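Everything on this sheet refers to the single structure shown next.
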Amino acid sequence: MRGAGRLWRSGEPFIWLTGGALALALLLVAGLVGLILVNGLGFFWPKDVVRLALADGTTRTGQIVEREPVPGKAGQFRIKLKVANRDLYGADFQWLEEGQVLRREYPGDAVVIERVEWGPLIGVVKELREGGKPVAAGPAAGWAEMAKRLPEATRIRREIRGIEKGEIGRINFEQEKIRLKLRRLELRGVTAGPEAVRAEGLPRRPSRGEPRGEDRVDALQREMADLQARYTEQEGRLAALRARQTVSVLVAADDGKEKDLPLVQVVNVYFPNAMGVAAKAGHYLGKVWEFVADDPRESNTEGGVFPAIFGTVMMVMIMSLMVTPLGVLAAFYLREYAKQGPFVSLVRIAVNNLAGVPSIVFGVFGVGFFIYFVGGTVDRLLFAEALPTPTFGTGGILWASLTLALLTVPVVIVATEEGLAAIPMGAREASYAVGATKLETTVRVVLPAVMPSILTGLILAMARAAGEVAPLMITGVVKLAPALPLDSFWPFVHLDRKFMHLGFHIYDVGFQSPNVDAARPMVFVTTLLLLAIVVLLNLFAIGLRNRLRRKYAVAAV
Amino acid sequence: MVGPIQVAASLNPKAGPSGIMETPMVEIDRLSLWYGEKQALRDISMSVPKHRITAYIGPSGCGKTTLLRCLNRMNDLIDGVRIAGTIRLGGTDIYDPALDVTELRKRVGMVFQRSNPFPKSIFENVAYGPRILGAKGRADLDGIVERSLRAAALWEEVEDRLGESALALSGGQQQRLCIARAIAVEPDVLLMDEPCSALDPIATAKIEELMLDLKNSYTIVIVTHNMQQAARVSDYTGFMLLGELVEFGVTKELFTNPRDKRTEDYITGRFG
Ligand SMILES: Nc1ncnc2c1ncn2[C@@H]1O[C@H](COP(=O)(O)OP(=O)(O)O)[C@@H](O)[C@H]1O
Ligand SMILES: [Mg+2]
């Protein structure tokens, strides 16, 4: 009894309790991150292709992705085989009972071909064809010839894409601008060239210095015709390029099925069974790079997530630009200028509780206020010519960022206020004592001292914003954005555009994809990437804060 | 213009420490102060003579700091402070509503009980006031900073590390830096609220020496709870108790020949 009492008084059990709580919390977080790491990091490693001879006399070729006990049958296992070739078999995956497998072999000539549609193709190269006629036969000769012609095919594919996205994209963009200009003139009552105007005897008199509206209609229509000509020319180029792509590769799959694949659709080819560790590592790095730097393919289940990375980072940046001044100014008013009393306390409690409002509610507010009200008004006033197609009256990166800024402003206010409260009165008095005004004191003494706290608030806000999905889904995020919100077309930053976002990408790929099994690893990889981005953004802000702190704050002796 | 008067006429009809007539710098007339309902100063009248060191002594909570902070209207920053009576600085009423408080504070500098350098460089600390006043040129500021640091007897110790953080200085150096910061705007009066209370004896001795130097150019008012210090440096001393100025007079006389029983009890250590 006395021993227990002494033990309790010694404080030992309490240390264990607190330490245990911390350990449990760390374990949970580590488990979550570990799960993501294991599932995410392994995805790009090229798995060997196994050919299974089954008891019923058929064979299955593919990559083993899972092995688990058969439910209800002790001691028996089944394997999940990624057979790919969705266009040939109908599904990417097959479950096989291990008891049915007679033999396993790892043929060195088994090839995995990544292509622009239908997911990967697994099989053996049988033949290379040009214009339908065989050029080389057999795996070795076929691959040799294919490797020779692949760069040209890739070049053509890139060129086609370049024309579609670059030249034709630019023409479309300019045509749309001219169409809007014409529409604007039309809204002013100017619809035709000078002849027509004269015939109708319209009394419009243009102001000096500006080309007459009627002349502009003509000019614009001429420009439009020019663009149309350029468009036709590019179309011709595309057709010529497409006509040149006649090389195809014939791949043999299981059960005598074959696929005649145009070479221009081939994105990547590898022979996993013949690769050493170094080759696999190289392949891995290439895939990682493709993931972060490329556009998505096949409804986001293949390719990269670059637009989503870009959208996430840009949205967080815009949000930071909005939320910092707003939150800091509000906190300054609350702490430095408002008369402290019950009302200010009430405001403070309200602000704190704002952080607990479900984020989707902010999204709904964003839709109602920013998109319909503000955006709708902006459209009516500035973009009337585009109506009924909305410009700002629909979801876009600006509205999404503003909605998130609203969502995170309490965090910045609270952090800034705490920082302000921690500044000793002596610092302010020292400033007043040499004759500084309140404004001078605020700007020269208080603001620098509170800067680290502001950055702390911003760090928390950014972390929250980067991980938020629900309000974005209704304020401007899409599963596939046709263009980035930042490009080379005037005015370069397109705040009205819809954008892609990693958090939404996870949801979309994981739960909205037509082929969930194939997409699942993408979920983990994307999560990993989102985590990495949040960590990077935080490290940047923390570094900045520490530099500010270190600048002068050496502990007083 | 206020003519020469006899110092603290209401309390001490005799002349100054050397028997000469003093010029009053600050005149306090029937000053009372309330923090909300609580009265902290009661009907205080006295004059602070020019280019002398005037000290306030008294037990904790008797209102020394409050009185000092009335002289540069630092109490304005506190909610619920109410004041009656007048204070004149060189003849002008400093509580005149038309007066610009920042102008007053430029003329009446202050050094605080706890040294409070800004978390900036040594240079920026001293240059802070002049910058507020509009000094811009680097050469101007260099000159002011050097002059102020020399006046505060700190120049030799910091001249080759002006860019370093002021917070890296020792306690005594920090307090002298605060003095340099206060005199950089060339005030007429320097208020010091227990400037040595957190310092060791050597640092204290340095500051006391400095005060004796500074009194040639500034009128100094110091609050201290250390009677030896008041006796060592001040020309005039006031003894306060419970918000009242019990006795005010030439330091030597107050310490050797107090006229009030309460003063005598205090300086002989019988209470406080
Ligand atoms: N900001 C304040 N609000 C209310 N009361 C105060 C405040 N500052 C000081 N007081 C009170 O006024 C009296 C005098 O305080 P102070 O001038 O600081 O005394 P001293 O400096 O002599 O120790 C004390 O009773 C103290 O409690
Ligand atoms: Mg005090």
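All values reported here derive from a predicted model rather than from experimental measurement. All heavy atoms count here, side chains included; hydrogens, waters and symmetry mates do not.
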(request) With a 4.5 Å cut-off on heavy-atom pairs, point out which of A/Gly426, A/Ala433, A/Ala449 contacts chain B the most. (result) A/Ala433

(message) Salt bridge check, B/Arg131 against B/Glu124: does any charged N sit closer than 4.0 Å to a carboxylate O?
(response) yes

(message) Please classify the contact of B/Arg181 with chain A as side chain, backbone, both or neither, using a heavy-atom distance under 4.5 Å.
(response) both

(request) Quick one: closest heavy-atom pair of B/Ala55 and B/Ser234, and the distance? (result) CB-CB, 3.6 Å

(request) Under 4.5 Å heavy-atom distance to chain A, tell me which part of B/Arg107 shows up: side chain, backbone, both or neither. (result) neither

(request) Please determine, among A/Ala427, A/Pro448, A/Ala436, the option with the most heavy-atom pairs under 4.5 Å with chain B. (result) A/Ala436

(request) Identify whether NZ of Lys or CZ of Arg in B/Lys50 sits under 6.0 Å from the centre of the six-membered ring of B/Tyr218 and within 45° of that ring's axis. (result) no

(request) Could you tell me which portion of A/Arg444 (side chain, backbone, both or neither) has an atom closer than 4.5 angstrom to a non-hydrogen atom of chain B? (result) both

(request) Measure distances from B/Val108 to the heavy atoms of chain A and classify the residue's part below 4.5 Å as side chain, backbone, both or neither. (result) backbone

(message) Between A/Glu429 and B/Arg105, does any NZ, NE, NH1 or NH2 come within less than 4.0 Å of an OD or OE carboxylate oxygen?
(response) no

(request) Decide, yes or no, whether a salt bridge links B/Glu103 with B/Lys106 under the criterion of side-chain N to carboxylate O below 4.0 Å. (result) yes

(message) Heavy-atom pairs under 4.5 Å with chain A: which of B/Arg114, B/Arg73, B/Arg69, B/Met110 has the most?
(response) B/Arg69

(message) A cation-pi test, strictly: NZ or CZ of B/Arg138 under 6.0 Å from the centre of the six-membered ring of B/Phe123 and no more than 45 degrees from its axis. Yes or no?
(response) yes

